[in-house]
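Note that these values count all heavy atoms, side chains included, but never hydrogens, waters or copies made by symmetry. Chain letters run A, B, ... following the sequence lines, proteins first and then strands; every chain starts at 1.
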Number of protein chains: 2
Amino acid sequence: MAEEKRGNAGFGAGVPELLILRLLQEREMYGYEIVQAIGRATQDVVTPGEGVIYPLLHALEKDGALRAEPRPAGGRTRIYYTLTSRGVRRLFELSDDWSRLARAVQLVLRA
Amino acid sequence: MAEEKRGNAGFGAGVPELLILRLLQEREMYGYEIVQAIGRATQDVVTPGEGVIYPLLHALEKDGALRAEPRPAGGRTRIYYTLTSRGVRRLFELSDDWSRLARAVQLVLRA
DNA sequence: CCATATACCTTGTTAATCGATGTATTATAC
DNA sequence: GTATAATACATCGATTAACAAGGTATATGG
């Protein structure tokens, strides 16, 4: 049983990305807002800093999963992000991956 | 390496370590056996290679979480690992961390 | 005798995340 | 009124988990 193509892209990895996509599915948000929203939504279990979120947003936008729309707000500029159809697909993928992983681990823990 | 570096050591991270500790809680095993056991226990959802497992076993042993006992088996030597009390404590910690993370993520996904 | 499975090991690389830092503006507190 | 905190963007270096790929050696079934 050799010769198996495994595309293991890392375990549990990608949680911040998954949460970004999931939260943006509900409503558009700007980066700084997302940082707070993740902490709030997870009751501070997951609290990625701006150094995690901003680069992720840029990568996701470059990848076509998000659309970015700068909007002046007061004297500053907020960059609002919305999910593209590609982003929705990506969300489903990651969500699925996570569920499978979580189920597998839980299975072992409660064995 | 600090032994009490709790906090945000990365999300989802530590799944292979968690599974090693959990499986060794059931019965002692040798390295190669653990590699197969993880795949079987998770239905091939999680399949860390030997390049992941062996270094982890060494680190855990060095950290006092595991005790290693080499035993001749046929013409080779198998190194059997057992949990120490420290290892049990570590298992509970990681297990707890994982549960909290899984609960938090699931919460957001199903919101 | 040769391929495969067993059983150990290490090393180099990538990718995710962290922590710190930087710039600028606006709201607040004193 | 001016220090300070909060908002809002950004990047950069360090750390670390995990992976892929290799290496050694013995046992076993064709």
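- Spacing between atom CD of A:E61 and atom P of D:dC9 amounts to 13 Å, rounded to whole angstrom units.
- Heavy atoms of A:E50 sit under 4.0 angstrom from at least one base atom.
- In this structure, the nucleotide among C:dT26, C:dC18, C:dA5 sitting nearest to the side chain of A:P48 is C:dC18.
- Using a 4.0 Å heavy-atom cutoff across all strands shown, B:I79 reaches sugar-phosphate atoms only and no base atom.
- Between B:L66 and B:T84, every side-chain heavy-atom pair lies at or beyond the 4.5 Å cut-off.
- Near DNA chain D, defined here as any heavy-atom distance below 4.0 Å, the residues from residues 25-35 of chain A are A:Y30, A:G31, A:Y32, listed numerically.
- Mapping A:P55 and A:T77 onto DNA chain D via the closest heavy atom, the residue that lands nearer the 5' end is A:T77.
- Between the CZ atom of A:R71 and the C1' atom of C:dT25 there is a distance of 19 Å, given to the nearest Å.
- With rounding to whole Å, A:D63 atom CG is found 16 Å from C:dA16 atom C1'.
- Distance, B:R76 CZ to C:dC9 P: 14 Å, rounded to whole Å.
- Here the side chain of B:E17 pairs no donor or acceptor atom with the backbone of B:G14 at under 3.5 angstrom.
- Between D:dC9 and A:H58, no contact under 4.0 Å exists linking OP1 or OP2 to a side-chain N or O.
- Rounded to whole Å, atom P of D:dA17 lies 13 Å from atom CD1 of B:I53.
- Distance A:Y54 OH to D:dA8 P: 8 Å, rounded to the nearest Å.
- With hydrogens and angles left out, the side-chain atoms of B:R22 and B:Q25 include a donor and acceptor closer than 3.5 Å.
- Straight-line distance from the CD atom of B:Q36 to the P atom of C:dA7: 8 Å, rounded to whole Å.
- For the side chain to side chain contact (heavy atoms under 4.5 Å, CB included) with A:I20, the lone residue among A:L91, A:L60, A:L94, A:L83 that qualifies is A:L60.
- Between B:R67 and B:E69 there is no salt bridge, since none of the side-chain N atoms of the basic residue sits less than 4.0 Å from a carboxylate O of the acidic one.
- A:G75 comes within contact range of the sugar-phosphate backbone alone, with a heavy-atom separation under 4.0 Å but no base atom that close.
- When the nucleotides D:dC19, C:dT6, D:dA18 are ranked by their closest atom to the side chain of B:R78, C:dT6 comes out on top.
- Among all heavy-atom pairs drawn from B:P16 and B:L56, the shortest one is CB-CD1, 3.8 Å.
- Along DNA chain C, the nucleotide nearest A:E17 and the nucleotide nearest B:G51 are compared for position; the residue whose nucleotide lies closer to the 5' end is B:G51.
- Atoms CD1 (A:I20) and P (C:dA16) sit 12 Å apart, rounded to a whole Å.
- Counting only heavy atoms from C-beta outward, the side chains of B:L18 and B:S95 approach each other to under 4.5 Å.
- Here C:dC9 is the nucleotide among C:dC18, C:dC9, D:dT7 with the atom lying nearest to any side-chain atom of B:Y81.
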